[in-house]
Amino acid sequence: MGVKRLAGAYLAVVGAAVAIHFVLDPLLYEWESGEGVPAAWIALDWLMGVGLAIALYATFIAKRGADRGSDLRAYLVANTQFFVAAGLTLLFLWNAFQISWSAGDQTPDAQVWVLIDVVLPMLFVTVGMGLWSDAESEGTAP
């Protein structure tokens, strides 16, 4: 299995897992009770962090290639995906560091997590499927 295919599968699976867990979250957890962050979200946060690094790299390479080309659609898709990945990475890191061991006793902004958990799956699944398709087309080239 090639690196592109593996990265694409990783992004698509993590994106789907975040989307499913986000939708099921209100059914699974009692946030009003004041309990800490559930272990499943902590595990997903680590997987999302790794996925953001992969997405940033993959979308930057695609952006760099599209910036040199003349295809407007490819240019718009590549640039949109890259800047969404960069923005999500900044939001993710900013919110992740809003915990008690960082700059005092701060709490992460729940609305920022909602934005991340809504946009990230769409980015990961589309970039992941694109990487998978690229790997398949490279593998079948004569």
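Everything numeric here is computed off the predicted structure, so don't read it as measured data.
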So which pairs with a foot in residues 54-66 pass salt bridge (charged side-chain N to carboxylate O under 4.0 Å, His left out), sequence neighbours left out?
K63-D67
For A135 versus K4, what's the shortest heavy-atom pair and its separation?
CB-CB, 3.8 Å
Count I, L, V, M, F, W, Y as connected when their side-chain heavy atoms are under 4.5 Å apart, and connections chain through other members. Are L6 and V13 then in the same cluster?
no
Check for me, please, whether L56 and W132 land in the same ILVMFWY cluster - side-chain distances under 4.5 Å, paths through other members count.
no
Minimum heavy-atom separation for G51 to L11, with atom names?
O-CD2, 3.3 Å
Are W46 and V50 close enough that some pair of their side-chain heavy atoms sits under 4.5 Å apart?
no
Determine the minimum heavy-atom distance between L123 and Q81, stating which atoms define it.
CD1-O, 3.8 Å
Check whether any side-chain heavy atom of N95 sits under 4.5 Å from a side-chain heavy atom of L91, and report yes or no.
no
How far does OG1 of T89 sit from CG of L52, to the nearest 0.5 angstrom?
4.0 Å
List in chain and number order the residues that pass side-chain contact (heavy atoms from CB on, under 4.5 Å) with A7, two or more places apart in sequence or in another chain; answer none if no residue qualifies.
I54, L131
Cluster membership besides M129, Ile/Leu/Val/Met/Phe/Trp/Tyr side chains within less than 4.5 angstrom, sorted by chain and number, is V125
Tell me the side-chain hydrogen bond (donor to acceptor under 3.5 Å, both in side chains) pairs involving residues 10-22, sequence neighbours left out?
H21-Y29
Please check if L90 and V18 belong to a single hydrophobic cluster, counting links between Ile, Leu, Val, Met, Phe, Trp and Tyr side chain heavy atoms closer than 4.5 Å.
no
Go through the structure and list residues passing side-chain contact (heavy atoms from CB on, under 4.5 Å) with L27, not counting sequence neighbours.
L24
So which pairs with a foot in residues 55-89 pass ring pair (Phe, Tyr, Trp, His ring centres under 6.0 Å), sequence neighbours left out?
F60-F82
Taking the side chain as every heavy atom from C-beta outward, state whether T126 and V77 have any pair of such atoms under 4.5 Å apart.
no
Tell me which pairs pass side-chain hydrogen bond (donor to acceptor under 3.5 Å, both in side chains) where either residue lies in residues 111-123, with sequence neighbours left out.
none
Any link between I61 and V127 through a network of hydrophobic side chains (Ile, Leu, Val, Met, Phe, Trp, Tyr) touching at under 4.5 Å?
no
Minimum heavy-atom distance P121-G15, with the two atoms named:
CB-O, 3.2 Å
Who passes side-chain contact (heavy atoms from CB on, under 4.5 Å) against V23, sequence neighbours left out?
none
Please identify each residue that fulfils side-chain contact (heavy atoms from CB on, under 4.5 Å) with L76, with sequence neighbours left out.
L72
Could you pull out the closest heavy-atom pair between A78 and A66, with the gap in Å?
CB-CB, 3.7 Å
